[in-house]
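Accompanying notes for the structure given below.
Numbers for residues simply follow the sequence, beginning at 1. Atoms within each ligand, like the ligands themselves, are counted from 1 in listed order. If you're wondering where the values come from, they're calculated on a predicted model, not measured in any experiment.
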Amino acid sequence: MRSRPLKVALLGCGVVGSEVARIMTTHADDLTARIGAPVELAGVAVRRPDRVREGISAELITTDATALVKRGDIDVVVEVIGGIEPARGLITTAFEHGASVVSANKALLAQEGAALHAAAEEHGRDLYYEAAVAGAIPLIRPLRESLAGDKVDRVLGIVNGTTNFILDKMDSTGAGYQEALDEATALGYAEADPTADVEGFDAAAKAAILAGIAFHTRVRLDDVYREGMTEVTAADFASARRMGCTIKLLAICERAADGASVTARVHPAMIPLTHPLASVREAYNAVFVEAEAAGRLMFYGPGAGGAPTASAVLGDLVAVCRNTLAGATGPGESAYTRLPVSPMGEVVTRYHISLDVADKPGVLAQVANVFADHGVSIDTVRQQGRDQGGVAASVEGGGGRREGGEASLVVVTHRASDAALTGTVEALRRLDTVRGVASIMRVEGE
Ligand code: HSE
């Protein structure tokens, strides 16, 4: 056991940073035993130095993060401030001054991961970021290390707890989106501005990171197709239930069937109630990985929160400290496959389309022809009549309704490309008899 402590600089002392500092203090003896040397908090960079921070000595607090990472005696910089700048500059400076980095910054990794990995490699340092995706759930290192000998074909995950909480509430209580969002806000799951979560930006950043690691290629945030979940309605959940499904906001990363490209996307999707992801409730995250030799694996747990995220940060800190003592580094970026990221149009899946149509002879045939013209094969069709107020009047065969009203037509397709489906929907919208396209939802996990 060496006596000189490994020195850690903490950038950010909010919800996650304060938990990192607390665990470093309360578990100091265990960390020392596991690492083989004491690990010491050498400085904490914050924006508001006057705030009381229990358990952290006032002398450690600084507002000058740049000076802290430039000190030269820092072994590991832990970055939990988030965002692109100043985090990017501070991490780069940390490498230049001999420190390794543990980061929880998904936006930065998704956007600048390649450059940061290159900087780490140039300076012979580590860059670890388990906490950037799915909080406490071990996922980055299982993909980077445990599955390094396998071939991952698909990653399908619920990687945003806020949206899972909202969708779960809508499913279990019949609430609309706004009501469920209000509850998520009141309980502290959703932020005052929930855009990053509900519009899928947070999940898209995580999808980019997961896809790059899983397929040993580079996937940036801009490569990820993204749709939020604000348009999901109680009617969509009712339709999903009729199909034996629920609705989740999924991050889906896939290797193409010919192995020559990959795709990464985030959008709401129906998944069968029998799929393991369907039972992920409240704000939990879960990621389903399909690998050639391993088969199907599921990683489940809390995807956010101070202590769970700090757990992932501390795990990385221990690993990086061990590497430092061994004079080694862990795995760096693995992007050797250089697989291109295909556009969304090339994604192949099934679709659930809900149309408002005129209820008169020939409409069903017209609609079916549009699907056929675009090479999209229909699996099932269900028609539901409406009375004049637009409320469902009949489910079975339209009995008792007057012809000439409006009907709701639900079409579920076989697998088709997103481009073919988009062309189909555009053509459907041009039909006089189609009054509106109420919803389009992909069906996954079958
Ligand atoms: N806001 C995220 C979530 C946690 O709701 O899962 C941080 O990525």
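- For L187, the side chain to side chain contact (heavy atoms under 4.5 Å, CB included) partners are F165, E183, Y189, not counting sequence neighbours.
- Ionic pairing of D153 and K151 is present here: one or more N-O contacts between side-chain nitrogen and carboxylate oxygen are shorter than 4.0 angstrom.
- Salt-bridge formation is detected for the pair R442/D418: a Lys NZ or Arg NE/NH1/NH2 atom is positioned less than 4.0 Å from an Asp or Glu carboxylate oxygen.
- Protein residues with any heavy atom under 4.0 Å from ligand 1: K106, N160, G161, T162, D197, D202, K206, A304.
- Residues satisfying the salt bridge (charged side-chain N to carboxylate O under 4.0 Å, His left out) criterion with R71, sequence neighbours excluded, are D73.
- Annotation: side chain to side chain contact (heavy atoms under 4.5 Å, CB included) contacts of T337 (sequence neighbours excluded): H216, T217, L339.
- For the atom pair CE of M344 and CZ of R265, the computed distance is 5.0 Å after rounding to the nearest 0.5 Å.
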